[in-house]
Amino acid sequence: MFLNHDAAFTTFAPAIHSNLPQYTDTLSAQTRLETTRGWASVDDLIAGDRVATMDGGFATITAITHPKRRAPLVQVPGGVLSTCSDVALPADGHIALTPPARWSQAPVVSVLIKALSGWNGIRPTLFAGPDLATLHFGEEEMIYAQTGLLIHAFDANADSFFPTLNYGDTRALLALLDGKMPAPDAAAA
């Protein structure tokens with residue numbers, strides 16, 4: 001007479017094949033991305049949504065997962081790195097910076113967000129982000145966030161099209177951009 005529906009609903013996690021490249025980036029849920037239907041926060045996105053990329057197209061989000069970790073966040077003030085408003089990003093993420101002419105053959109380089117702390121008002125926050133979302137893509141992408149910020153979604157275990165700078169190289173690039181270091185002579189090298 002009474003049915004037992006204990007197994008009718010269950011939680012599950014989407015299968016992510018570990019042998020496939022994982023082109024991902026983790027963002028805070030409030031980060032706004034340009035989509036085909038306008039600007040939307042990460043927490044409003046679903047798999048299948050398309051987001052604007054540096055190459056002028058739109059990339060499809062293949063999956064969205066929510067990491068079980070809390071990550072320290074770095075605050076990027078509005079107006080810095082072409083952002084329209086303040087944005088908090090996980091410190092271990094990567095964004096694009098435009099290097100000086102002839103510094104790299106790629107149009108931008110990928111830098112670790114925490115390496116930007118102290119530059120142009122970028123600073124670590126006092127809290128860790130509990131509401132994170134990892135966006136998955138079919139290939140490496142530079143996606144637009146907060147109007148002009150480029151976020152690098154890539155596979156950390158595979159080669160990247162964009163040069164990925166370590167902490168020390170990023171700090172040297174920042175000093176070069178601020179005019180505190182002379183530009184290297186690329187022709188002599």
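Source: prediction; values computed, not measured.
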Close side-chain approach of [X] and [Y], heavy atoms under 4.5 Å:
X: Q146; Y: L81; result: no
X: P124; Y: K114; result: no
X: V74; Y: L116; result: no
X: V109; Y: F162; result: no
X: E141; Y: M54; result: no
X: C84; Y: R32; result: no
X: L173; Y: P100; result: yes

Measuring from [X]:[atom1] to [Y]:[atom2], what's the distance to the nearest 0.5 Å?
X: L132; Y: T26; atom1: CG; atom2: OG1; value: 6.5 Å
X: I113; Y: D25; atom1: CD1; atom2: CG; value: 6.5 Å
X: I143; Y: L150; atom1: CD1; atom2: CG; value: 9.0 Å
X: L97; Y: W119; atom1: CG; atom2: CH2; value: 5.5 Å
X: F161; Y: M142; atom1: CZ; atom2: CE; value: 9.5 Å

Could I get the full list of side chain to side chain donor-acceptor pair (under 3.5 Å) partners for [X], not counting sequence neighbours?
X: E34; result: none
X: T98; result: none
X: H94; result: none

Q: Using atom types as modelled and distance alone, determine if a side-chain donor or acceptor of S28 lies under 3.5 Å from a backbone N or O of A88.
A: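 Side chain of S28 to backbone of A88: a pair is present.
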Q: Could you tell me whether the side chain of T125 and the main chain of L73 form a donor-acceptor pair under 3.5 Å?
A: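 Judged by distance alone, yes, a pair lies under 3.5 Å.
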Q: Sort out for me which residue in T62, T65, T24 forms a side chain to side chain donor-acceptor pair (under 3.5 Å) with H136.
A: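 Among T62, T65, T24, the one that satisfies the side chain to side chain donor-acceptor pair (under 3.5 Å) with H136 is T65.
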(Q) Filter on salt bridge (charged side-chain N to carboxylate O under 4.0 Å, His left out), then keep only pairs touching residues 88-101, sequence neighbours left out; what's left? (A)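 Qualifying pairs: R69-D92.
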Q | Pairs where residues 40-55 contributes a residue and the test side-chain hydrogen bond (donor to acceptor under 3.5 Å, both in side chains) is met, not counting sequence neighbours | A | R37-D49, S41-D43, S41-D44, R50-T60, T53-D55
(Q) Under a 3.5 Å cutoff, is there a donor and acceptor pairing between the side chains of Q22 and N157? (A)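 Q22 vs N157: no donor-acceptor pair found between side chains.
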(Q) Applying side chain to side chain contact (heavy atoms under 4.5 Å, CB included), can you list everything that pairs with P77, at least two apart in sequence or on another chain? (A)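 So P77 forms a side chain to side chain contact (heavy atoms under 4.5 Å, CB included) with V80, D86, I122.
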